[in-house]
Amino acid sequence: MSQKFNAIIAKKDSDGKFVAELSQITTTDLPDEDVLIDIDFSTLNYKDGLAVTNKLPICQKFPMVCGIDLAGSVIESENEKFSPGQKVLVNGFGLSERYWGGYSQKQSVNSSFLIPVPENFSTRSAMAIGTAGYTAMLAVNAIRDHGVKPSDGDILVTGSVGGVGSVAITLLSNLGYSVIASTGRIEQSDYLKDLGAKKIIDRTMLSAPGRPLDKESWAAAIDNVGSSTLSNVLAKTNYSGIVASCGLAGGSDLPGTVLPFILRNVRLQGVDSVQAPLALRERAWKDLSELLDLSILESMTSVAKLSDVFDLGKQIVSGKIKGRIVIDVNSI
Ligand code: NDP
């Protein structure tokens, strides 16, 4: 008989109401995919918070194992590219939406979703990075690919105490950029400076509806907030600058004008981590392995148990989480 293990499963109860709970399953319950993984760690992203609280309908099929990220060792593989014992990770690709995800001690995953864990990372550090950190790298690469150099001016990061923001600050700082961090938690200024931010601003300076064009203040920006914050960020971006739009922590609307685009040649660059093609992902993970200082990553990371996900999920959607949280799926 297959051994039981723990997983967080979202389902609809008899009244059609969403429930996410800690459950026990066996390998025979897992989907029929070509690689079976012994998961060491998952992580907590904003989207995981949305999923387990059902604040937005992230899970599109039920029952669903939540968790958009996972890292662990291959147990068995039908694809010769992956062999037993190999350390692998998955970010996004519809995990926790259409495919069973990482809040489980084991998972069966489509091999086309897998990335080998870079040699200098453990499965724990891979999940300290997680989707948030890999998205930060995609955004930083969008800025670099646009040709923005450290000498061009400051780079703004909004939502900076959060996961994407924290990793973005340290990556930009390691690349020699001067970072302005926007936060609602000014009391975390020392934390942000330790990550590499040169200047801290209060997010209220950007959150109220502003002018369609304002004083040019940064060469590029990584925005995790959306809504009027993103409009103001665009209005204050230098001529020919770029804004990488990653998130919607403040709202998914964009109440602005086209003036930054047609008068300042500003580019608004979307950043999608979920369906990003493999080549972009592999480049991002290679860059992360070369650029990220593991001691700084550790300083922004804490570890929690699988059963903590429910409370932490509420905290992340209320903007209360600092840095990154790794979920030890083998600890309840
Ligand atoms: P976190 O919750 O860790 O960080 C979000 C941060 O945004 C908070 O820490 C807070 O920073 C700020 N914030 C929260 N609420 C508000 C608000 N109402 N108004 C203004 N600022 C607010 O989440 P993540 O870092 O994991 O994700 C950040 C965003 O990026 C999310 O919207 C997420 O959905 C999105 N995302 C998108 C991805 C993609 O593929 N495009 C991938 C990963 C994440 P502070 O306290 O410093 O102000």
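A salt bridge links K286 with E290: the distance from a Lys NZ or Arg NE/NH1/NH2 to an Asp or Glu carboxylate oxygen falls below 4.0 Å. Under the 4.0 Å criterion applied to side-chain N and carboxylate O atoms, E97 and K47 are assigned as salt-bridge partners. Ionic pairing of R144 and D287 is present here: one or more N-O contacts between side-chain nitrogen and carboxylate oxygen are shorter than 4.0 angstrom. Salt bridge absent: K314 and D311 never bring a charged side-chain N and a carboxylate O closer than 4.0 Å.
Put simply, the side chain of D15 never gets that close to the backbone of K17: no donor and acceptor are under 3.5 Å apart. No donor-acceptor pair under 3.5 Å is formed between the side chain of R98 and the backbone N or O of C59. In this structure a side-chain-to-backbone donor-acceptor pair under 3.5 Å is present from T301 to L297. The backbone N or O of A7 lies less than 3.5 Å from no partner atom in the side chain of Q24, so there is not a single donor-acceptor pair. When atom types are taken as modelled, the side chain of N120 and the backbone of S289 share a donor-acceptor pair closer than 3.5 angstrom. Panel note: side chain H146, backbone S240; a donor-acceptor pair is recorded below 3.5 Å. Proximity of a side-chain donor or acceptor of S331 to a complementary backbone N or O of K305 within less than 3.5 Å is not detected. Remark: side-chain polar atoms of N232 are paired, donor with acceptor, to backbone N or O of A208 under 3.5 angstrom. At distances below 3.5 Å, not a single donor-acceptor pair connects side-chain atoms of T170 with backbone N or O atoms of S166.
With F62 as the aromatic partner, K11 does not meet the cation-pi criteria of under 6.0 angstrom to the ring centre and within 45 degrees of the ring axis. Y191 carries K322 over the face of its six-membered ring, with the cationic atom under 6.0 Å from the centre and within 45° of the normal.
Among residues two or more places apart in sequence or in another chain, the side-chain contact (heavy atoms from CB on, under 4.5 Å) test is passed with L268 by L230, L234, V243, S245, L254, F261. Partners of A219 by side-chain contact (heavy atoms from CB on, under 4.5 Å), not counting sequence neighbours, listed by chain and number: V148, D152, N238. Residues that satisfy the side-chain contact (heavy atoms from CB on, under 4.5 Å) test with F93, not counting sequence neighbours, are F113, Q275, R281.
No side-chain N or O of S77 forms a donor-acceptor pair with one of N79 less than 3.5 Å apart. Side-chain N/O atoms of T204 and S207 include no donor and acceptor closer than 3.5 Å. Between the side chains of T158 and N224, not a single donor N or O lies within less than 3.5 Å of an accepting N or O. Checking N330 against D40 by side-chain atom types alone, no donor-acceptor pair falls below 3.5 Å. In summary, the side chains of D38 and S73 do not present any donor paired with an acceptor at a separation below 3.5 Å, with no hydrogens or angles considered. For the 3.5 Å distance criterion, the side chains of T229 and S227 fail to qualify, holding no donor opposite an acceptor.
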Task: Worked verdict on T43 versus R324 for side chain to side chain donor-acceptor pair (under 3.5 Å) - done: CA-CA 8 Å; T43 180; R324 299 283 300 130; 2.6 Å; yes
TODO: Could you walk me through whether K106 and D29 pass the salt bridge (charged side-chain N to carboxylate O under 4.0 Å, His left out) test, one step at a time?
DONE: CA-CA 11 Å; K106 293 185 175 43; D29 297 314; over 6 Å; no
Open item on the list: Test side-chain contact (heavy atoms from CB on, under 4.5 Å) on W100 and I25; report intermediate values, then the result.
Closed with: CA-CA 12 Å; W100 279 19; I25 54 174; 4.2 Å; yes
- [ ] Just do the side chain to side chain donor-acceptor pair (under 3.5 Å) check on S231 and S228 with the steps written out, would you?
- [x] CA-CA 5 Å; S231 311; S228 42; over 6 Å; no
- [ ] Tell me, with the steps shown, if M300 and V167 meet side-chain contact (heavy atoms from CB on, under 4.5 Å).
- [x] CA-CA 9 Å; M300 68 172 86; V167 180; 3.8 Å; yes
TODO: Start with the C-alpha gap between I129 and F121, add the side-chain angles, then the distance that decides, and say whether side-chain contact (heavy atoms from CB on, under 4.5 Å) holds.
DONE: CA-CA 10 Å; I129 297 165; F121 290 153; 3.5 Å; yes
Open item on the list: Would L95 and Q107 count as a side-chain contact (heavy atoms from CB on, under 4.5 Å) here? Give the steps.
Closed with: CA-CA 11 Å; L95 260 56; Q107 194 52 275; over 6 Å; no
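Taking a 6.0 Å sphere around CD1 of I332, one finds it holds 12 or fewer heavy atoms contributed by other residues, nucleotides or ligands. With a 6.0 Å radius and a threshold of 12 heavy atoms from other residues, nucleotides or ligands, E119 has its CD atom at or below the threshold.
Contact of the Y103 side chain with the D48 side chain is registered, since non-hydrogen atoms from C-beta on lie closer than 4.5 Å. A 4.5 Å side-chain heavy-atom check between T183 and R203 finds every atom pair outside the cut-off.
If you take CZ on F82 and CD1 on I37, they are separated by 8.5 Å, rounding to the nearest 0.5 Å.
For the side chain to side chain donor-acceptor pair (under 3.5 Å) with N45, the lone residue among D69, N91, T135 that qualifies is D69.
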